[in-house]
Number of protein chains: 2
Amino acid sequence: MDTITIKDIARALNISTSTVSRALRDSYEINPETKRLVIEYAERLNYHPNSIALSLKENRSRVIGVIVPQIANNFFSQAIDGIEAIAYKRGYHVIIFQSQESYEREVLTVQQAVARKADGLLISLASGTLDVAYLRDLQEKKLPIVLFDRVSKDLDTPSVTADNFAGAFAATEHLIQTGRRRIAHLTILPHISITQERLAGYRAALEQYGLRYDENLVRYAGLGQYEVEPLVDDLLEQSPDAFFSASDRLAIGCLAALKKRNVAIPETVSLIGFTNITVADLLAPPMSTVEQPAFEIGQVAVDQLISLIEGKQKMPQPNLIKLPTKLMVRASSQIG
Amino acid sequence: MDTITIKDIARALNISTSTVSRALRDSYEINPETKRLVIEYAERLNYHPNSIALSLKENRSRVIGVIVPQIANNFFSQAIDGIEAIAYKRGYHVIIFQSQESYEREVLTVQQAVARKADGLLISLASGTLDVAYLRDLQEKKLPIVLFDRVSKDLDTPSVTADNFAGAFAATEHLIQTGRRRIAHLTILPHISITQERLAGYRAALEQYGLRYDENLVRYAGLGQYEVEPLVDDLLEQSPDAFFSASDRLAIGCLAALKKRNVAIPETVSLIGFTNITVADLLAPPMSTVEQPAFEIGQVAVDQLISLIEGKQKMPQPNLIKLPTKLMVRASSQIG
DNA sequence: AATCTTCCCGATAACGTTTGCGGGAATAAG
DNA sequence: CTTATTCCCGCAAACGTTATCGGGAAGATT
């Protein structure tokens with residue numbers, strides 16, 4: 001790729017590079033006639049400033065690093081969609097990294113992003129991440145960071161999530177109001193933020209309706225692909241009349257496991273998932289879900305980050321933004 | 001972000017930047033003792049070379065630009081997953097762009113990628129793209145380009161696709177072998193490569209089994225969200241006994257439309273889709289599909305591109321690589 | 001006529017890094 | 001003792017761009 005530079009223009013027009021640069025930036029101290037000449041020539045040769053040279057000079061890359069557990073996941077690909085929409089509009093590019101749910105890989109990819117001189121980081125923590133000290137170090141070096149979805153209280157930084165508490169509360173309340181009493185909760189790793197918030201919402205709804213919280217009805221699934229089925233079996237022994245599962249992956253796994261065991265949904269157990277799957281109403285049975293505004297979460301998160309980067313925000317307090325979820329009631333939780 | 005540079009090290013150790021640079025690259029003309037000093041100091045301060053400065057100097061960015069119609073699509077997010085897996089291993093970063101199926105946006109994003117000095121481009125064409133002349137221009141300027149999935153014959157460049165012909169043939173053959181005779185084909189915009197290949201596979205299977213090709217059984221869907229239903233209605237008037245739909249989106253739309261009209265699947269019509277949806281067997285009914293090896297397509301495509309970039313390949317001929325598809329027969333195409 | 005502005009423009013340094021060239025000091029060879 | 005080698009290392013240029021400074025020429029003000 002041989003590209004034309006400001007030098008080429010200067011040589012061709014027999015002027016200095018400074019003049020070319022200034023003409024292209026429409027500086028007041030350049031003769032209009034000279035400007036015209038330069039601009040015409042530049043357009044004719046399809047000149048574009050070398051963004052790498054600019055980055056070096058300005059010590060900014062106009063690149064935002066996004067670290068997610070995995071791309072091939074409805075929620076994250078929708079969030080990334082939202083991120084890109086805003087980022088491009090505001091002159092930033094987005095580089096995506098996957099932690100594959102591993103703490104070690106997360107640290108590595110974050111280092112990569114930093115080495116690449118990303119102007120800021122947008123992170124959804126891997127479920128393997130217990131310690132965010134390495135992020136605190138970066139933050140102290142003035143690297144703008146915004147967390148989304150999987151956040152951590154141990155980091156003083158803006159965060160953007162769905163209102164997991166309210167979503168879980170609404171789901172549980174809905175199950176109770178449709179007559180369910182023994183509501184099992186299948187959730188993910190206990191230490192990550194969304195797990196705790198969703199569990200809290202679940203408990204709060206139980207309490208409000210005078211139901212006892214029974215920890216035998218709660219199971220934490222790890223990352224393994226084959227962990228869901230045994231957990232469902234476990235829970236079935238408690239003879240629940242409803243399943244509320246706390247993630248995309250678990251909701252699907254739960255549905256598959258229940259069908260495999262010929263458990264009638266919703267006759268024997270109701271099912272409701274916390275998921276952004278787009279074909280929920282084509283499933284058998286159509287699955288009730290709590291939908292997260294993934295696209296908007298991405299948009300808001302990147303907006304926060306750009307504000308940080310561009311220093312518009314004096315950071316009065318770390319914003320903890322919660323976006324409303326949406327309860328979608330379908331056949332899997334309706335009797336009759 | 002204040003980062004440490006080679007200059008800082010030079011100053012601290014009272015040597016020149018050249019010496020530091022050479023010491024870090026383990027040059028033979030540096031005193032082992034000096035090397036040790038430099039390397040130790042660099043590690044202690046967690047020095048990392050500024051990749052932007054390197055890019056400027058070496059006139060390469062180690063960035064690969066990926067342009068896809070949209071990220072939030074199972075096939076593409078899986079393909080991107082494959083792309084990243086290989087790219088990172090080989091020292092490249094990936095910047096993702098979305099054309100949103102629009103030709104204009106595709107041209108813009110490609111320009112962006114070029115302006116960003118991507119070392120090469122990995123493109124899946126927007127369905128709005130009829131003319132690839134703008135890519136030919138870039139190619140003539142020695143920019144490495146590899147097409148995947150949505151390719152074009154008008155560009156002499158390596159391409160990686162699923163074996164769409166064989167996949168469509170297998171799907172159609174399966175429908176015929178299960179007794180279907182009037183097989184409707186719902187496909188996408190007529191001019192893009194995968195449409196033609198899949199249509200050809202469909203026709204070839206019909207012919208091989210002595211069935212007449214009837215263009216009244218074929219419909220082309222545009223991009224509109226609400227186009228599928230009327231087309232399904234259209235096709236139903238031809239009283240088909242099977243639907244073969246040629247894309248992710250259409251397969252889902254088709255299933256939804258048929259269910260809405262209470263058309264019994266597979267009793268009245270069989271249904272088979274060309275799609276990578278991961279929950280196909282949880283749908284009602286479980287949907288038969290032709291699966292594309294999306295992850296592998298991404299891997300192979302980026303491998304081809306990196307070969308081009310690094311000049312390992314003298315380009316004897318533009319490789320047209322086809323990866324096998326997989327027919328997954330489920331209830332939507334099985335009677336009884 | 002001397003000074004002051006105003007208008008344009010060029011030379012240069014800087015961002016962080018690598019590399020070709022040159023050169024001083026020590027050692028080896030004559 | 002002189003010359004040739006070897007071993008280390010520094011200087012400076014280069015990648016493409018912008019910003020600071022400075023300055024020449026022309027016109028405007030005393």
Side-chain angles (χ1 to χ4, degrees), chain A residues 1-39 41-43 45-63 91 114-119 141-142, chain B residues 1-39 41-43 45-63 91 114-119 141-142:
Chain A
M1 275 298 284
D2 34 349
T3 36
I4 169 167
T5 75
I6 225 170
K7 280 189 191 174
D8 301 323
I9 303 181
R11 212 175 308 123
L13 266 49
N14 211 24
I15 54 180
S16 79
T17 57
S18 334
T19 305
V20 177
S21 171
R22 274 186 280 239
L24 292 172
R25 326 198 108 247
D26 200 27
S27 160
Y28 67 95
E29 43 182 349
I30 298 294
N31 189 312
E33 174 62 12
T34 313
K35 272 188 200 170
R36 196 184 54 76
L37 241 57
V38 171
I39 291 172
Y41 191 81
E43 286 194 344
L45 285 171
N46 197 25
Y47 166 82
H48 286 285
N50 183 319
S51 60
I52 292 181
L54 277 180
S55 293
L56 179 60
K57 184 134 193 47
E58 297 177 356
N59 198 27
R60 66 180 312 192
S61 58
R62 290 199 157 272
V63 161
V114 172
R116 273 274 160 195
K117 300 282 163 190
D119 288 343
K141 290 185 190 167
K142 308 289 172 213
Chain B
M1 274 297 284
D2 32 349
T3 37
I4 170 166
T5 75
I6 227 172
K7 279 188 191 175
D8 301 324
I9 304 181
R11 211 175 307 123
L13 266 48
N14 211 23
I15 54 182
S16 79
T17 57
S18 344
T19 306
V20 176
S21 171
R22 275 185 277 243
L24 291 171
R25 328 198 107 245
D26 202 26
S27 160
Y28 67 96
E29 46 180 349
I30 297 294
N31 189 312
E33 174 62 13
T34 313
K35 273 188 202 172
R36 196 183 55 74
L37 242 56
V38 171
I39 292 172
Y41 191 81
E43 287 193 345
L45 273 114
N46 197 25
Y47 167 80
H48 286 284
N50 183 318
S51 60
I52 292 181
L54 279 179
S55 293
L56 179 58
K57 186 135 195 44
E58 297 176 358
N59 199 26
R60 65 179 313 191
S61 59
R62 290 200 156 271
V63 161
V114 171
R116 272 272 161 198
K117 299 282 162 191
D119 288 343
K141 288 186 191 167
K142 308 289 175 215

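Nothing here was measured: the structure is a model prediction, and the numbers come from that model. When reading the values below, keep in mind they use all heavy atoms of this one structure, side chains included, and skip hydrogens, waters and symmetry mates.
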Check for a donor-acceptor pair, side chain of S16(B) on one end and backbone N or O of T19(B) on the other, with a separation under 3.5 Å.
-> yes

Integer-rounded Å distance: dC8(D) P and K35(B) NZ = 9 Å

Check every strand shown and say whether S55(B) touches a base, only sugar-phosphate, or nothing at a heavy-atom separation below 4.0 Å.
-> nothing

Using the closest heavy atom to pick a nucleotide of DNA chain D for each, name whichever of E29(B) or K57(B) lands nearer the 5' end.
-> E29(B)

Note: for K7(B) and N31(A) on DNA chain C, the residue whose nearest nucleotide lies more 5' is N31(A)

Do the charged groups of R62(B) and D119(B) touch, with an N to O distance under 4.0 Å?
-> no

Taking only side-chain nitrogens and oxygens of S18(A), does any of them come within less than 4.0 Å of OP1 or OP2 of dC9(C)?
-> no

Checking all strands, does L56(B) fall into the base, sugar-phosphate, or nothing category for heavy-atom contacts under 4.0 angstrom?
-> base

When you check the phosphate oxygens OP1 and OP2 of dG10(C), does a side-chain N or O of S16(A) lie under 4.0 Å from one of them?
-> yes

Pick base, sugar-phosphate or nothing for R25(A), based on heavy-atom distances below 4.0 Å to the nucleic acid.
-> sugar-phosphate

Say you draw a straight line from CZ of R116(A) to NE2 of H48(B); how long is it, rounded to the nearest 0.5 Å?
-> 13.5 Å

Just call it for I15(B): base, sugar-phosphate, or nothing, with non-hydrogen atoms closer than 4.0 Å on any strand.
-> sugar-phosphate

